[in-house]
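See below for the structure under consideration.
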Amino acid sequence: MGLYKRKNSPYWYMTFTDAEGKFYDKSTGTDDEKTAKKIWRMLKAKIALGTWHPEAMEKQKEKVSMTEVVDRYMKEVSPLKPGSHERDKQIIARFKAFFGAALLDEVDAPMVSRYKAERLQAPSKRGGNLSPDTVRKELGLLRTIFNVAIDEWELCEKNPVRKIIKSLPREEKRVRYVLPEEAVKLRVTLPAWLKPIVITACQTGLRRNNLVRLTVAQLDFDSNRIIIGKTKNGDPLGISMTSLVKETLSEVIRSRRVTSPYVFTDDKGEAYTPYKVSMTFKRACDRAGIKNLRLHDLRHDFATLMLRKTRNLVDVQHALGHKDSRMTMRYAHLLPEDLNDSFNAIDNQGTAAIL
């Protein structure tokens with residue numbers, strides 16, 4: 001018997017055998033070594049005294065419904081992920097509607113496959129059916145819920161989602177930026193209150209939620225920095241203010257007639273909702289005759305501009321707050337013509353020149 005840690009989990013695991021010699025490998029449910037040792041010692045004592053009954057535990061697991069599991073996830077885990085909590089609420093509602101009163105141990109791979117098939121046939125708001133990428137995100141949440149139920153709560157032992165999610169094709173990540181002629185049109189159709197938000201988005205790459213919830217306290221005009229406490233991935237983010245952003249934000253704060261902790265507010269000092277900002281931007285695009293452009297694309301516009309001017313993917317990655325460099329690499333293919341200078345720099349140089 002012993003304690004150990006897995007590479008893919010922060011929790012301590014314990015291996016042991018019961019009174020009948022059956023081997024077990026289970027999570028302690030804690031990442032604290034001292035607490036894990038206490039749990040392990042208590043378990044060994046129960047086994048020695050004959051008071052540990054795994055059969056009773058298994059019967060208790062069988063009574064847990066899928067609805068109880070997703071509710072527990074939304075209460076204990078999802079709030080710790082502010083970047084995805086609101087989206088989780090929408091997806092969870094679909095899980096409840098589909099799985100109904102099914103017990104956790106009744107949710108198997110065929111049932112998850114039926115959920116996948118049903119969602120792929122569901123209509124999209126933009127017309128047609130939902131994309132495989134959208135369904136993949138939903139199954140990704142379901143997979144996470146099962147992982148927590150396995151590793152932390154020990155309510156089940158298998159994750160039925162892992163095989164099903166692999167069958168969905170990976171879609172090419174969307175990269176859409178604003179063309180110069182489109183910017184000229186938007187200059188006319190954007191409402192006055194929205195234009196500073198769009199300018200800030202194009203010069204900072206901030207996500208929509210960070211933009212609408214941007215506070216005066218997050219602005220440091222002395223050091224020209226914007227400090228975001230938590231981004232979508234849960235990490236803090238500090239980005240520089242360009243002179244245009246500094247001028248824009250200063251004017252917004254100076255010219256408003258209400259006192260508010262938020263930078264962008266309505267006449268009552270309330271922060272604009274993400275929905276209102278997105279829909280108003282869409283209507284401005286419609287009036288300008290611009291198709292297939294969303295507010296989130298301003299983040300791509302920022303990344304593309306910085307990459308073209310600096311050719312530094314690492315800087316773009318840090319500016320966007322990407323943990324994984326593969327997320328940033330989606331922009332690299334946009335710049336084949338900008339590589340000409342790099343190839344000219346190695347022309348007739350190095351090994352080839354010597355040979």
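Count residues from 1 along the sequence.
For R287, the CZ atom is densely surrounded, since the number of other residues' heavy atoms within 6.0 Å is greater than 12. In the displayed structure, K5 atom NZ is contacted under 6.0 Å by more than 12 heavy atoms of other residues, nucleotides or ligands. Enclosure of atom NZ in K37 is not indicated, since only 12 or fewer non-hydrogen atoms of other residues, nucleotides or ligands lie within 6.0 angstrom. Counting non-hydrogen atoms of neighbouring residues, nucleotides and ligands closer than 6.0 angstrom, the OH atom of Y4 exceeds 12 such neighbours.
With contacts defined as side-chain heavy-atom distances shorter than 4.5 Å, the pair V107/V112 qualifies. Using a 4.5 Å heavy-atom threshold, the side chains of V178 and D297 count as separate. No side-chain heavy atom of R257 sits less than 4.5 Å from a side-chain heavy atom of T265. In this structure, L186 and V198 have side chains that are not in contact, with every pair of non-hydrogen atoms separated by 4.5 Å or more. By the 4.5 Å heavy-atom criterion applied to side chains, M241 and F221 are counted as neighbours. Taking 4.5 Å as the limit, some side-chain heavy atom of L214 sits within range of a side-chain heavy atom of L219.
Under the rule for a salt bridge (charged side-chain N to carboxylate O under 4.0 Å, His left out), the partners of K89 that lie at least two apart in sequence or sit in another chain are E86.
The side chain to side chain contact (heavy atoms under 4.5 Å, CB included) test with T280 is passed by exactly one of I197, L194, L295: L194. E182 pairs with exactly one of R187, K291, R176 by the salt bridge (Lys or Arg N to Asp or Glu O under 4.0 Å) rule, that one being R176.
Using a cut-off of 4.0 Å between Lys/Arg side-chain N and Asp/Glu carboxylate O, E152 and R72 are scored as not salt-bridged. Residues R254 and E251 are paired through a salt bridge, judged by an N-O separation under 4.0 Å between the basic side chain and the carboxylate.
Aromatic pair F95/Y115: ring centres closer than 6.0 Å.
Using cut-offs of 30° and 60° on the angle between ring planes, the pair Y24 and F16 is parallel.
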